[in-house]
Enquirer: 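Structure provided below as structure tokens; questions to follow.
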Amino acid sequence: MSKLPEIDKMTTTSPASSALKVFISYSHKDEELKDELYIHLAALRRKRKIQAWQDRDIDAGAEWDAAIKNNFNEADIILLLITPRFIASNYCYEKETQWAIERHEKGDARVIPIIMKPCDWQDTDFSKLQVLPKDGKPVTKWDDQDEALLNVVTGIRRVVEALAKK
């Protein structure tokens, strides 16, 4: 299990009331990619524009299924970190993706699929949504993955700013 720097954890524990809640859905087998994205979200977290949540934030002894559902249902933005493992995961695809699409269709949350690795995503339930990074080029296929993640965060920032105006 990867460990995020403690300073990053501190920035997510006391969000301003105006911070948008972001739920990160990912396969645990892609945790390193999720951690890299989380680091790139630091400026949005530090400015209290977002409060990012992932299942690694569940405290020991807590009921994990209830914690996931509660945070999922409170999210303003849902990030789907798309990889072959995400699509193959029954929990990620059959549960979280379906819940996300339902919330999106009701207008309760903005769902942002992020193509992290090459995979067959074009015929999925979320393929109707605009993906990041630009042109759906997987993050791992960019010459510079930091540039790819910056492109993703720039897209997320635009969504955050648009939702904050509402």
Side-chain angles (χ1 to χ4, degrees), residues 2 4 12 15 18-42 44-45 49-59 62-140 148-166:
S2 61
L4 294 173
T12 62
S18 63
L20 294 174
K21 294 182 180 181
V22 176
F23 183 97
I24 303 173
S25 176
Y26 68 102
S27 167
H28 284 175
K29 294 177 181 174
D30 297 314
E31 191 153 20
E32 287 183 21
L33 282 170
K34 181 265 304 169
D35 288 348
E36 285 300 310
L37 174 61
Y38 189 86
I39 290 166
H40 279 266
L41 292 169
L44 287 169
R45 292 192 330 272
K49 292 181 185 259
I50 66 167
Q51 176 186 6
W53 190 89
Q54 55 175 312
D55 63 356
R56 296 298 189 202
D57 293 331
I58 299 172
D59 293 326
E63 293 184 26
W64 64 268
D65 192 53
I68 290 171
K69 287 178 182 172
N70 183 50
N71 282 281
F72 189 91
N73 288 327
E74 290 180 358
D76 300 296
I77 299 171
I78 300 166
L79 305 179
L80 304 177
L81 306 190
I82 309 302
T83 67
R85 289 175 181 90
F86 180 94
I87 293 171
S89 165
N90 286 337
Y91 196 87
C92 292
Y93 193 82
E94 297 296 329
K95 291 191 177 196
E96 290 182 356
T97 297
Q98 300 313 310
W99 296 337
I101 297 299
E102 287 174 19
R103 293 206 58 221
H104 168 81
E105 289 174 349
K106 290 179 184 174
D108 293 339
R110 178 73 64 93
V111 177
I112 305 173
I114 301 170
I115 311 303
M116 300 299 275
K117 288 186 171 187
C119 56
D120 184 21
W121 62 269
Q122 289 84 354
D123 194 29
T124 61
D125 294 341
F126 53 80
S127 65
K128 64 185 175 183
L129 304 175
Q130 182 64 41
V131 301
L132 292 173
K134 68 179 179 180
D135 301 326
K137 182 177 180 180
V139 168
T140 59
L149 290 169
L150 175 60
N151 182 273
V152 168
V153 171
T154 300
I156 293 169
R157 179 181 297 280
R158 283 194 303 267
V159 170
V160 167
E161 289 170 356
L163 291 176
K165 288 180 182 177
K166 290 185 177 182

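Scope of the values below: all heavy atoms of this structure, side chains included, with no hydrogens, waters or symmetry mates.
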Enquirer: Can you confirm whether Phe23 sits close enough to Ile68 that some side-chain heavy atom of one is under 4.5 Å from a side-chain heavy atom of the other?
Expert: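 In contact.
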
Enquirer: Could you tell me if the side chain of His28 sits less than 4.5 Å from the side chain of Arg85, heavy atoms only?
Expert: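 When only atoms from C-beta onward are counted, His28 and Arg85 do not touch, as no gap falls below 4.5 Å.
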
Enquirer: Are the side chain of Thr154 and the backbone of Leu150 linked by a donor-acceptor contact shorter than 3.5 Å?
Expert: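 A pair under 3.5 Å: yes.
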
Enquirer: For the atom pair CG (Leu20) and CD1 (Ile156), what is the distance rounded to the nearest 0.5 Å?
Expert: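 Reported value, rounded in 0.5 Å steps: 12.0 Å.
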
Enquirer: Contact between Tyr26 and Cys92 at the side-chain level, heavy atoms closer than 4.5 Å - yes or no?
Expert: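 In short, these two side chains do not touch, never coming nearer than 4.5 Å.
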
Enquirer: Between Thr83 and Asp30, does any side-chain donor sit less than 3.5 Å from a side-chain acceptor?
Expert: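 Yes, because at least one side-chain N or O of Thr83 sits under 3.5 Å from a partner of the opposite role on Asp30.
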
Enquirer: A side-chain contact here means heavy atoms from C-beta on lying under 4.5 Å apart; do Leu33 and Leu81 qualify?
Expert: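 In short, these two side chains do not touch, never coming nearer than 4.5 Å.
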
Enquirer: Considering all heavy atoms of both residues, which atom of Ala148 and which atom of Pro133 are nearest to each other, and what is their separation?
Expert: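 Smallest heavy-atom distance, with atoms named: O-CB, 4.1 Å.
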
Enquirer: Can you confirm whether Arg158 sits close enough to Val160 that some side-chain heavy atom of one is under 4.5 Å from a side-chain heavy atom of the other?
Expert: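 Arg158 vs Val160: side chains apart.
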
Enquirer: CG of Leu129 to CZ of Arg110: how many Å apart, nearest 0.5 Å?
Expert: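 So the gap between those two atoms works out to 9.5 Å.
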
Enquirer: Donor-acceptor check, side chain of Ser25 to backbone of Leu80, threshold 3.5 angstrom: yes or no?
Expert: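 No.
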
Enquirer: As an exercise, state the distance from NZ of Lys34 to CZ of Arg56, rounded to the nearest 0.5 Å.
Expert: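 Those atoms lie 6.5 Å apart.
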
Enquirer: Quick check: closest heavy atoms across Ala19 and Asp76, and the distance to 0.1 Å?
Expert: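 Reported closest heavy-atom pair: O-OD2, 4.5 Å.
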
Enquirer: When rounded to the nearest 0.5 angstrom, what is the spacing between CG in Leu44 and CD in Glu161?
Expert: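 These two atoms lie 8.0 Å from each other.
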
Enquirer: Mark yes when over 12 heavy atoms from residues, nucleotides or ligands other than Glu63 sit less than 6.0 Å from its CD; otherwise mark no.
Expert: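 Counting other residues, nucleotides and ligands, CD of Glu63 stays at 12 neighbours or fewer.
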
Enquirer: Counting distance only, does the side-chain N/O of Arg103 pair as donor-acceptor with the main-chain N or O of Ile78 below 3.5 Å?
Expert: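 Judged by distance alone, no pair lies under 3.5 Å.
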
Enquirer: Looking at side-chain heavy atoms only, is the closest gap between Met116 and Ile82 below 4.5 Å?
Expert: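 No, side chains not in contact.
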
Enquirer: Which pair of heavy atoms, one from Arg45 and one from Ala52, lies closest together, and at what distance?
Expert: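 Smallest interatomic distance, heavy atoms only, reads CD-CB, 4.0 Å.
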
Enquirer: How close do Asp120 and Ile87 get, counting heavy atoms only, and between which atoms?
Expert: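 What the structure gives for the nearest pair is O-CD1, 3.8 Å.
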
Enquirer: For the ring pair Tyr38 and His40, is the centre-to-centre distance below 6.0 Å?
Expert: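 Centroid separation for Tyr38 and His40: 6.0 Å or greater.
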
Enquirer: Check whether the side chains of Asp65 and Tyr91 place a donor and an acceptor atom closer than 3.5 Å, and report yes or no.
Expert: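 Yes, a side-chain donor-acceptor pair sits under 3.5 Å.
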
Enquirer: What distance separates Ile112 CD1 from Ile24 CD1, expressed to the nearest 0.5 Å?
Expert: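 Between atom CD1 of Ile112 and atom CD1 of Ile24 there are 11.0 Å.
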
Enquirer: Does Lys21 have any salt bridge (Lys or Arg N to Asp or Glu O under 4.0 Å) partners at least two apart in sequence or in another chain, and if so, which?
Expert: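 Only Glu74 meet the salt bridge (Lys or Arg N to Asp or Glu O under 4.0 Å) criterion with Lys21.
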
Enquirer: Hey, what do you get for NZ (Lys95) to NZ (Lys69), rounding to the nearest 0.5 Å?
Expert: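 One finds 6.0 Å between NZ of Lys95 and NZ of Lys69.
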
Enquirer: Any idea how Phe126 and Tyr93 line up, ring-wise: parallel (<30°), tilted (30 to 60°), or perpendicular (>60°)?
Expert: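 The rings of Phe126 and Tyr93 stand perpendicular, inter-plane angle above 60°.
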
Enquirer: Looking at Gln98, is its backbone amide N or carbonyl O close enough to the side chain of Asp125 to form a donor-acceptor pair, meaning the two atoms are under 3.5 Å apart?
Expert: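 No, the answer is negative, given that no donor and acceptor are paired below the 3.5 Å cut-off.
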
Enquirer: If you take all heavy atoms of Ala75 and Ala109, which pair is closest and at what distance?
Expert: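 Shortest heavy-atom separation between Ala75 and Ala109 comes out as O-CB, 3.7 Å.
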
